[in-house]
Amino acid sequence: MANDGSTKLSKNLLRMKFMQRGLDADVKKQLEEEEKRIVSDEHWFLDLPELKAKESYIVEERSYVPCEDLVYGRMSFKGFNPDVEKLMALMNAPREEKEEDEDEKNETRMDTDITDEEMARRYGSLVESMKKRFAKKRDRSSLKGNREDVSQNTIPSQPKKAFLKPQD
Amino acid sequence: MDSILSCFKDKVGEVVLPGDVFSLDLSDVENNTVKSEKIICGPGLRRNGDEILVSKSGILRHRSPNLYWIDSQQKRYVPAKGESVIGVVTAKSGDSFKVDVGGSELASLSYLAFEGATKRNRPNVQVGDLVYSQFAIANKDMEPELVCIDSCGRANGMGVFGADGLLFKVSLGLVRRLLSPQSEIIKDLEKLFPFEMVVGLNGRVWVKANGIQKTLIVANLLESCENMTPQQRQALFKRVAEGSL
């Protein structure tokens, strides 16, 4: 009864989802094409030539700061405002570093408060305490024992700890 | 590209006038496939297609590798992004302050653009206060916008300042001379006596010293530096240091 010529269903009805199952392949295709045309008709576009971005070799800069390498605007002299003097040193530091780089190349040795000998002495005394720190609790007591040995020159027989079977 | 470079090089250090054109011949670059560096044109120079137009009268300056600008004298300040200026708070409007920076338009300064400010914790800024701040947006078609924090959220000396002291205006050229590294004027000034100053790129200078008299001395010295040769300046500073003025 569906497709016998005498009664035809309207296109809108055929397009509905529940009608799709029983349709022929050609009718389906026809409907899809029609749908596509409707969609593309509704879309519109500007009829303009394609915009081409040319690479620019000129960059604009509106500020004098990068041109003339201007310094930080807050200043204090002779300790009038210590906070600002600290800020001045901080904000103008990268610039001075650049200048000092060349000086530093000449003298690679840095000024140090502590001489190498002093450092060696200090770390030499630290060895023992660092060793203690990384030792386990049981080893620590044995370490202590060893030191006493050295000082007292006595050899206490230290029985090795072993499992003792309990008596019945 | 070579043409514009040579064209520029000839004129470096010479006076140029608004309307002068430096034309850039791009055909060389395209034909010879010469790998060329970009030219940075600073204040006073304007890009127009492949040409560079001069828009201020002054001396053409160059800094290697390819930075060109015009060194000019003017009093009118035009906001530029990233510049630090001294502003006067003129109004509180909703969530921002209106700040007079000497430009054609009042700049806006959000109350959240201060160090440590939150919606609940507003900064204590009153009408009439001086703020040292930086331009975050400075566009010729839009209202300029100031901030009192850097990109990390720190104040770095920006914000409200100036309980006492004196604010006055000088030309933009003098401000740049004061702020240039190893400035002669600053070197002469710092020998005098302890004082503090804030220099905004908009031509405003704020000075404070121990006592009104010393503040006025520094202010007058700075104003007179505008039109003096180094010899005249040093003579004047010497007289001030001796206490004869």
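Atoms considered below: every heavy atom in the structure, side chains included; atoms not considered: hydrogens, waters and symmetry mates. Within every chain, numbering begins at 1; the chains are lettered A, B, ... in the order of the sequence lines, protein sequences first and strands thereafter.
More than 12 heavy atoms of other residues, nucleotides or ligands shown are found within 6.0 angstrom of NZ on A/K78. Atom CZ of B/R46 sits in a sparse spot, with 12 or fewer heavy atoms from other residues, nucleotides or ligands closer than 6.0 Å. Dense packing is recorded around CG of B/L216, with more than 12 heavy atoms of other residues, nucleotides or ligands lying under 6.0 Å away. For B/E190, the CD atom is densely surrounded, since the number of other residues' heavy atoms within 6.0 Å is greater than 12. Other residues, nucleotides and ligands place more than 12 heavy atoms under 6.0 Å from the NZ atom of B/K56.
Heavy atoms closer than 4.5 Å to chain A are found nowhere in B/L172, neither backbone nor side chain. Heavy atoms of B/K191 lying under 4.5 Å from chain A belong exclusively to its backbone. Both the backbone and the side chain of B/S72 come within contact range of chain A, judged by heavy atoms closer than 4.5 Å. Residue B/I40 touches chain A through both its backbone and its side chain, counting heavy-atom pairs closer than 4.5 Å. For a residue to count as touching a neighbouring chain, one of its non-hydrogen atoms must lie under 4.5 Å from one of that chain's; by this rule B/L178 touches chain A with the backbone only. Proximity to chain A is limited to the backbone of B/F193, based on heavy atoms less than 4.5 angstrom apart.
Between B/E196 and A/R74, the shortest heavy-atom distance links the atoms OE2-NH2, 3.4 Å. Here the closest non-hydrogen pair linking A/C67 and B/P43 is SG-CD, 3.8 Å. Residues A/E60 and B/R47 share a closest heavy-atom pair of OE2-N, 2.7 Å. Considering all non-hydrogen atoms of both residues, A/R62 and B/L45 come closest at NH2-O, 3.0 Å.
The structure places CG of B/N66 at 11.5 Å from CD1 of A/I58, a figure rounded to the nearest 0.5 Å. B/S180 OG to A/D69 CG: the interatomic distance, rounded to the nearest 0.5 Å, is 10.0 Å. Separation of atoms CZ (A/F80) and CZ (B/F195) is listed at 10.0 Å; rounding is to 0.5 Å.
Looking only at heavy-atom pairs under 4.5 Å with chain A, the residue among B/A209, B/A138, B/G82 that has the most is B/A209. The choice from B/I86, B/D71, B/L189, B/I186 that makes the most heavy-atom pairs within less than 4.5 Å of chain A is B/I186. Counting heavy-atom pairs under 4.5 Å between each of B/V78, B/V205, B/V199, B/V85 and chain A puts B/V199 at the top.
By the 4.5 Å heavy-atom criterion applied to side chains, B/L192 and A/F77 are not counted as neighbours. Using a 4.5 Å heavy-atom threshold, the side chains of B/M197 and A/N81 count as separate.
Among B/R63, B/R177, B/R176, B/R61, the one residue that satisfies the side chain to side chain donor-acceptor pair (under 3.5 Å) test with A/E68 is B/R176.
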Report the C-alpha distance between B/Q182 and A/V71 in whole Å, list the side-chain angles of each, state the deciding distance to 0.1 Å, and finish with yes or no for side-chain contact (heavy atoms from CB on, under 4.5 Å). CA-CA 9 Å; B/Q182 273 86 43; A/V71 299; over 6 Å; no
Test side-chain contact (heavy atoms from CB on, under 4.5 Å) on B/I39 and A/V59; report intermediate values, then the result. CA-CA 6 Å; B/I39 288 181; A/V59 183; over 6 Å; no
Any chance you could lay out the side-chain contact (heavy atoms from CB on, under 4.5 Å) test for B/N156 and A/L90, step after step, and finish with the verdict? CA-CA 9 Å; B/N156 271 341; A/L90 188 79; 4.1 Å; yes
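A donor-acceptor pair under 3.5 Å links the side-chain atoms of B/E83 to the main chain of A/Y64, judged by distance alone.
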